[in-house]
Amino acid sequence: MIRVRTATVDEVVPLRMTALRAGMPEAASRWTGDLEATTTHFVATDGDRVVGIASVMHRPWPGQGDGPAWQLRGMAVEAALRGTGVGHLLLDAVRAHVAAPLWCNARVSAQGFYEREGWRPIGDVFEIPEAGPHLWMVRA
Ligand SMILES: CC(C)(COP(=O)(O)OP(=O)(O)OC[C@H]1O[C@@H](n2cnc3c(N)ncnc32)[C@H](O)[C@@H]1OP(=O)(O)O)[C@@H](O)C(=O)NCCC(=O)NCCS
């Protein structure tokens, strides 16, 4: 059975490394803000195994005008379990924890997932050098 709980940054780093920063050193999966008091990390577990991760942090909207003050980042599910609802469970936990609008840098390949979860894209596609094409997305 999949459960979601808050976690330490050390618990999310291994899946960040395989799912989001493949082939890069561990330092590429440890990000500015990971240890801030307002940052929360989540893991989805299957028994003792971490099968999904997400983090949320207090960060101003980077776009023009007003926007959400909380950023979702580092969202990933173990490859074998993608499409089985783990990502949805993680977003539910994030939404229960931060009852405020969110923004994220979404991989273009994950845009459809976020749209199904009620997010909408804003602006043009841009490149994150170590992670490929992205879009800003927001969830009110
Ligand atoms: C994107 C990701 C986190 C989604 O997690 P997941 O556990 O696979 O998603 P779920 O199973 O909860 O899917 C929820 C819904 O979104 C759909 N969906 C999932 N991934 C999708 C995608 N990439 N494109 C379009 N739809 C997608 C599912 O089919 C499901 O739809 P349904 O409710 O109609 O059945 C996961 O696929 C992943 O880790 N991808 C690789 C890393 C990545 O891109 N992370 C996001 C960085 S911004």
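Each ligand, and each atom within it, is numbered from 1 in the order the structure gives. In this chain, residues are counted from 1 in sequence order.
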For L15 and E78, work out which heavy atoms get closest and say how close.
CD2-N, 4.0 Å

If you take the nearest heavy atom of each of E78, R82, E117, which one is closest to atom 38 (C) of ligand 1?
R82

For ligand 1 and A76, I'd like to know whether there is a polar contact (N/O to N/O, distance under 3.5 Å).
no

Protein residue, atom and distance nearest to atom 8 (O) of ligand 1, heavy-atom basis
G83 N, 2.8 Å

Any idea which heavy atoms bring M24 and M17 closest together, and the distance?
O-CE, 4.2 Å

For W119 and L102, the nearest pair of non-hydrogen atoms, with its separation, is CH2-CB, 3.5 Å

Tightest non-hydrogen contact, residues T32 and M57, listed as O-CE, 3.9 Å

Can you spot which of L72, I53, V56, V12 makes a side-chain contact (heavy atoms from CB on, under 4.5 Å) with F42?
V56

If you group Ile, Leu, Val, Met, Phe, Trp and Tyr by side-chain heavy-atom gaps below 4.5 Å, do L90 and I2 land in one group?
yes

Is atom 6 (P) of ligand 1 in close reach of the protein, with a heavy atom under 4.0 Å away?
yes

For R30 and V13, what are the C-alpha separation, side-chain angles and deciding distance, and is it a side-chain contact (heavy atoms from CB on, under 4.5 Å)?
CA-CA 7 Å; R30 292 190 179 271; V13 161; 3.9 Å; yes

Before signing off on this row, confirm whether A106 and ligand 1 have an N or O atom pair separated by under 3.5 Å.
no

Restricting to non-hydrogen atoms, name the atom on E127 and the atom on G132 that form the minimum distance, rounded to 0.1 Å.
OE2-CA, 3.4 Å

Subset of ligand 1 atoms that lie under 4.0 Å from at least one heavy atom of V86
7 (O), 12 (O)

May I ask you to list the atoms of ligand 1 that are less than 4.0 angstrom from any heavy atom of H88?
12 (O)

So the atoms of ligand 1 within less than 4.0 Å of a heavy atom of N105 turn out to be 48 (S)

Check whether any N or O atom of L20, backbone or side chain, sits under 3.5 Å from an N or O atom of ligand 1, and answer yes or no.
no

Which of the atoms in ligand 1, numbered in the order shown and given with their element, are less than 4.0 Å from a heavy-atom of Y114?
46 (C), 48 (S)

Considering only heavy atoms of M75, which atoms of ligand 1 have at least one such atom less than 4.0 Å away?
3 (C), 43 (C), 45 (N), 46 (C), 47 (C)

Report the residue from L91, V86, D92 that forms a side-chain contact (heavy atoms from CB on, under 4.5 Å) with H88.
D92

Heavy-atom closest contact (S29 atom, R16 atom, distance)
O-NH1, 2.8 Å

Note: heavy atom closest to atom 17 (C) of ligand 1, options R116, R73, R107, belongs to R116

What protein heavy atom sits nearest atom 22 (C) of ligand 1, and how far off is it?
S109 O, 3.8 Å

What is the distance from atom CZ of R5 to atom OG1 of T45, rounded to the nearest 0.5 Å?
5.5 Å

Taking atom 11 (O) of ligand 1 as the reference point, the nearest protein heavy atom with its distance:
G85 N, 2.7 Å

Purely on distance, is any nitrogen or oxygen of V77 under 3.5 Å from one on ligand 1?
yes

Got an N/O contact under 3.5 Å between T84 and ligand 1?
yes

How far is atom 21 (C) of ligand 1 from its nearest protein heavy atom, and which residue and atom name does that atom have?
F113 CB, 3.5 Å

